[in-house]
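Keep in mind that the numbers below use all heavy atoms, side chains included, and drop hydrogens, waters and symmetry copies. Throughout, a chain's letter reflects where its sequence line sits, starting with A, and its residues are numbered from 1. Bear in mind the structure is a predicted one, so any value in this text is a computation, not a measurement.
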There are 2 protein chains.
Amino acid sequence: MPFSYEYARPALTVDCAVFGLDEQDLQVLLIRRGQEPYEGRWALPGGFVHVDETLDEAALRELEEETGLRKVYLEQLYTFGGIDRDPRERVVTVAYYALVKLSDHKVKAATDAADAAWFDVNDLPELAFDHREIFEVALARLKGKVRYQPIGFELLPRKFTLTQLQRMYETILERKLDKRNFRKKILGMDLLVALDEVQKDVAHRAARLYKFDDRRYRKLVKQGFSFEI
Amino acid sequence: MPFSYEYARPALTVDCAVFGLDEQDLQVLLIRRGQEPYEGRWALPGGFVHVDETLDEAALRELEEETGLRKVYLEQLYTFGGIDRDPRERVVTVAYYALVKLSDHKVKAATDAADAAWFDVNDLPELAFDHREIFEVALARLKGKVRYQPIGFELLPRKFTLTQLQRMYETILERKLDKRNFRKKILGMDLLVALDEVQKDVAHRAARLYKFDDRRYRKLVKQGFSFEI
DNA sequence: TTTCTTGGTGTATGAAATACACCAAGATCG
DNA sequence: CGATCTTGGTGTATTTCATACACCAAGAAA
């Protein structure tokens, strides 16, 4: 045991609630544990923080190792320090949440990682440790934050229709929005760029595609603009 | 060195940005460091997390040990994990912010703790470690949160006047509010109880005192009410 | 009793949120 | 090839909420 300290130290981990958006509903990415404790249980991806990496780096590294995901939108959530979170010893975990474009990543996550799978947020299996609680906090944060910051776009493909956008908000906020009012509001913000392009392979009139103008958003924010759905 | 581990572990600390409200302005409580590194510098109160206490417990304990403060409003802020935050070794810190009623605590903090003092948030000395950054994040959080949750009351005495309340918001948000509109709005929320009592010892007409009805607030929240200034 | 300071009140205007329904486009099907 | 079906796309009227704004009252001090 080569590392010794004068006082006992908690172990430090990161865990990550990764959200993705299906056509129908919000999903979260879980991995099946291969070892005790909680062997065979589903859990949030995560692992130990190395002493030479930052917390964000640890979260990104674990995410890639365990699920194959890269370049996700990642944000620190909360740090959980309950004394008996882990039956082995004291473990403090810095929780993150991540948003991914399922359209890009769905296949990858299903193949690269042996035992990773997406679950509907309303139908989760029992989770290891206090991961159910972490998940709840993450979901609450997502629901709260999506209204005041344009993070929802991270869940959609780069080019999306207004209907997709509206459905995303309806799914996360769990309430219906009025189509005309929604369009008036979102287009009025002047954050979307209408592309010269429409949907393909749909069995009805194809909708116009838009993309989110991040550069413009940051500029407006500097001028005091504040996003709100 | 009695505690040994297979892999190197970062040390884990808590730090706390404690805010109080003067007549004039927002203040933060700092302590002067008695040891290297940064000996003599001002810093946020904080210290190591014991292996048998939660993070919240650690924050409360350190706060009492270093500043004499008890029963403060405390909330976890963010966890800072930069690799070189501390020149000695890797230290990850879970930062908190706290709100105290200066009216109750001012004397205490000034006497109990040898080297603790309140500073105007707009006129801070140089701080140790990355405490300046932690402070900035805490202040930003306070400014953001005070508008959407009734945490501002934690900075006022239990019984306060509407003018005090308005000044608190003006100080934190750094903008003037209209007296009549402010009163209309805050009284319309039905969260304040008008007491049969007025200010004492003022050289002008004494204002009515109010208190915040926390029970009622929680009830309204359950019914979907959301606070906003 | 005069003066000075802060307390306390209502209304009119503009901006934004909401409620609401129909025609158009285009693929599919008989 | 016309009928049908599904989703796309649009505007106005109403209500609600935010804002702007000024004067008298109370009470202590001079």
Q.
So Arg183(B), base contact, sugar-phosphate only, or nothing? Heavy-atom distance under 4.0 Å.
A. base
Specify the separation, in whole Å, of atom [atom1] of [X] and atom [atom2] of [N].
| X | N | atom1 | atom2 | result |
| --- | --- | --- | --- | --- |
| Leu209(A) | dG8(D) | CG | P | 11 Å |
| Lys176(A) | dA17(C) | NZ | C1' | 19 Å |
| Phe182(B) | dA18(D) | CZ | P | 14 Å |

Q: Enumerate the residues from residues 155-173 of chain B whose closest heavy atom to DNA chain D is under 4.0 Å, giving them by residue number; use none for an empty result.
A: none
Q.
By nearest heavy atom, map Arg180(B) and Lys185(B) onto DNA chain D; which one lands nearer the 5' end?
A. Lys185(B)
Q. So which of Glu154(B), Glu75(B), Glu228(B) actually passes salt bridge (Lys or Arg N to Asp or Glu O under 4.0 Å) with Lys145(B)?
A. Glu75(B)
Q. Which letter, B, S or -, goes with each nucleotide of nucleotides 22-30 of chain C from 5' to 3', with contact meaning a protein heavy atom under 4.0 Å?
A. --BBSS---
Q.
Measuring to OP1 and OP2 of dT10(D), would you say a side-chain N or O of Lys184(A) lies under 4.0 angstrom away?
A. no
Q. Which sits closer to the 5' end of DNA chain C, Ala207(B) or Asp178(A), going by the nucleotide each is nearest to?
A. Ala207(B)
Q: Using side chain to side chain contact (heavy atoms under 4.5 Å, CB included) as the criterion, point out the one residue from Leu21(B), Ile151(B), Val18(B) that pairs with Leu99(B).
A: Ile151(B)
Q: Taking the six-membered ring for Trp and the full ring for Phe, Tyr or His, determine whether the centres of Phe160(A) and Phe153(A) are under 6.0 Å apart.
A: yes
